[in-house]
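Heads up, the thing below is written out as structure tokens.
This structure is a prediction, so every number in the text was calculated from the model and none was measured.
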Amino acid sequence: MALATDFNPGTSPTVSLPLVMTLGVSQLGLRHAEVVTAVTINAAAALGLAADRARSPRGVSRISLPWR
């Protein structure tokens with residue numbers, strides 16, 4: 001499963017990825033780690049980018065990635 005937003009007023013009227021992540025936990029019953037995977041690795045896989053963009057560099061924890 002991948003979670004994302006495309007800001008389509010008809011189907012996804014938000015640009016807030018943190019809101020989508022919150023809905024993944026509260027409405028879909030996903031665990032926090034599952035939500036992080038859904039918006040990173042799984043989203044990259046859905047776009048065909050998982051092989052070269054979905055992995056963290058060695059020594060960098062995925063949990064420590066910066067968040068704006």
Side-chain angles (χ1 to χ4, degrees):
M1 171 191 310
L3 295 177
T5 178
D6 63 359
F7 189 53
N8 180 341
T11 60
S12 181
T14 182
V15 295
S16 175
L17 189 56
L19 174 61
V20 171
M21 294 171 74
T22 300
L23 291 172
V25 172
S26 67
Q27 301 301 306
L28 299 176
L30 299 175
R31 296 181 181 145
H32 295 104
E34 291 172 323
V35 169
V36 171
T37 299
V39 299
T40 56
I41 297 168
N42 293 357
L47 297 173
L49 301 172
D52 62 342
R53 302 211 180 147
R55 303 288 179 221
S56 300
R58 287 184 181 250
V60 176
S61 169
R62 287 190 185 119
I63 301 304
S64 68
L65 295 175
W67 191 269
R68 286 184 174 196

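Partners of Thr5 according to the side chain to side chain donor-acceptor pair (under 3.5 Å) rule, which considers only residues two or more places apart in sequence or in another chain, are Ser12. With sequence neighbours left out, the side chain to side chain contact (heavy atoms under 4.5 Å, CB included) criterion links Ala4 to no other residue.
The heavy-atom pair separating Thr14 from Ser16 by the smallest distance is OG1-N, 3.0 Å. Nearest heavy atom pair, residue Ala46 against residue Ala2, reads CB-CB, 4.4 Å. Summarising the geometry of Pro13 relative to Thr11, their closest heavy-atom pair is CD-C, 3.8 Å, with the distance given to 0.1 Å.
Summarising the geometry, atom CD belonging to Glu34 is positioned 10.0 Å from atom CG belonging to Asn42; distances are rounded to the nearest 0.5 Å.
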For residues 18-26, tabulate all N or O donor-acceptor pairs below 3.5 Å that involve a side-chain atom, not counting sequence neighbours.
| residue | atom | partner | partner atom | Å |
| --- | --- | --- | --- | --- |
| Thr22 | OG1 | Pro18 | O | 2.9 |
| Ser26 | OG | Thr22 | O | 3.1 |

Side chain to side chain contact (heavy atoms under 4.5 Å, CB included) assessment of Met1 paired with Leu30: CA-CA 11 Å; Met1 171 191 310; Leu30 299 175; 3.8 Å; yes
